[in-house]
Amino acid sequence: MANPRWVGAGLVALSAISFGAMAIFARVAFAGGVDVTALLFLRFLIAGGLMAAFMVISRRRWPSRRNVWVLALMGGVGYVGQSMCFFSALQYASAGLVALLLYLYPFLVTLLGVAFLKERLTALRAGAVVAALAGTGLTLGSGLGGSGLGIALGLAAALIYSVYILAGSRVLKDEDPLAAATVVMLAAAVVFGLAVLVVEPHFPVTASAWGAVAAIALVSTVVAMVGFFAGIQRLGAADAATLSTLEPVVTFVLAALFLGEAVSLTQVLGGVIVLGAVIALARASDQPAG
């Protein structure tokens, strides 16, 4: 029988790779005429619709009424806000920079845990925080093609995602990750559906753009979200967060290969420091406070 921790590690690694490819798919979709609101509506409509159909056909148990409301808020408020900030940031900053800013979330989760959950800020955590700030300074100072607005949107996405993770880790103690992800997707689809009724959306006009939207829905949403939720259940939030830092590495590699984005030695150094810091924070959160 497979070791649950190895299975969990594989699921989180698959999730990280799937999330990491999203920035590349988004660039293709934007080039094909789609705007942020239409892209996100299609993303969650396709993903949520397919997942809901699977839930009904397979007769899986839906989350409890109380947790449905929590998950709906996670999707309709948390994921919507995070996604809007993330995809909007891609229009003002490079894919690599946006991914690095988003993946400050383990650092932010640690600070929020200290501030609101009364967790201790150990020497290891304090050192990791300083390292993360230094690495971010190197990355931003060397200029990864990001404007001030792009940086602000990327940081906002990280903050919203941090709150989302804290809420989700509690719900996943009681619920099936597939069912939980489905409710999150459907709630996000409803909100973006209302948005497209208010604004004038621009849907894809090319076959490649539609293909990119489908890839975002299937790969970077269904596979990525369900894989991450399932990984959290098997590994715990700390180890899952550690492995999920593969995402910005994937994005950097894909951006260099397919988007031609240049990466300097200073930028690589900053990225390594940031990734090392968030990994240390994730591991520290799994250690006893005493």
Side-chain angles (χ1 to χ4, degrees), residues 15 18-19 22 25-26 29-30 33-91 102 105 153 156-172 174-204 209-210 212-230 232:
S15 170
S18 301
F19 273 131
M22 181 163 58
F25 295 143
F30 288 144
V34 71
D35 62 8
V36 172
T37 303
L39 173 59
L40 293 175
F41 169 63
L42 292 172
R43 174 194 182 189
F44 289 109
L45 177 66
I46 295 170
L50 290 174
M51 292 290 290
F54 179 79
M55 288 286 296
V56 172
I57 293 172
S58 62
R59 297 182 178 179
R60 299 177 76 98
R61 182 177 66 86
W62 289 87
S64 66
R65 181 175 300 179
R66 176 181 177 276
N67 285 334
V68 160
W69 284 108
V70 175
L71 291 164
L73 287 173
M74 286 173 58
V77 178
Y79 222 104
V80 167
Q82 186 269 344
S83 296
M84 284 296 294
C85 289
F86 178 83
F87 281 99
S88 297
L90 289 173
Q91 297 183 315
L102 175 63
Y105 87 83
L153 288 168
L159 179 59
I160 295 170
Y161 194 52
S162 300
V163 176
Y164 171 91
I165 290 295
L166 289 173
S169 63
R170 293 178 177 271
V171 174
L172 286 171
D174 306 316
E175 303 297 349
D176 173 28
L178 191 148
T182 302
V183 175
V184 169
M185 294 176 203
L186 290 175
V190 169
V191 173
F192 282 116
L194 294 174
V196 298
L197 294 177
V198 175
V199 301
E200 183 179 352
H202 297 281
F203 291 101
W210 277 108
V213 169
I216 288 173
L218 300 177
V219 177
S220 300
T221 305
V222 173
V223 174
M225 192 181 298
V226 174
F228 186 65
F229 280 4
I232 286 178

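Numbers here are sequence positions counted from 1. Keep in mind the model is a prediction, meaning the values are calculated, not measured.
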*Over all atoms of both residues, closest heavy-atom pair of Phe86 and Met22*: CE2-CE, 3.9 Å
*Measure across Pro201 and Asp35 and return the closest heavy-atom pair with its distance rounded to 0.1 Å.*
CA-OD2, 3.7 Å
When you compare the side chain of [Y] with that of [X], does any pair of heavy atoms fall below 4.5 Å?
X      : Y      : value
Phe192 : Arg43  : no
Ile216 : Leu39  : yes
Pro63  : Val171 : no
Asp176 : Phe229 : no
Val198 : Leu194 : no
Leu218 : Val223 : no
Met51  : Val226 : yes
Val183 : Trp62  : yes

*Kindly say whether Ser220 contributes a backbone atom to a donor-acceptor pair with the side chain of Ser18 at under 3.5 angstrom?*
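A pair under 3.5 Å: no.
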*Atom CG of Leu71 and atom CZ of Arg66: how far apart are they, to the nearest 0.5 Å?*
10.5 Å
*asked:* Could you go through Tyr164 and Val77, starting from their C-alpha distance and side-chain angles, then the distance that decides it, and tell me whether this counts as side-chain contact (heavy atoms from CB on, under 4.5 Å)?
replied: CA-CA 9 Å; Tyr164 171 91; Val77 178; over 6 Å; no
_Which label fits Tyr79 and Tyr161: parallel for a plane angle under 30°, tilted from 30 to 60°, or perpendicular past 60°?_
perpendicular
_side-chain contact (heavy atoms from CB on, under 4.5 Å) between Thr182 and Phe54, worked out_ = CA-CA 10 Å; Thr182 302; Phe54 179 79; over 6 Å; no
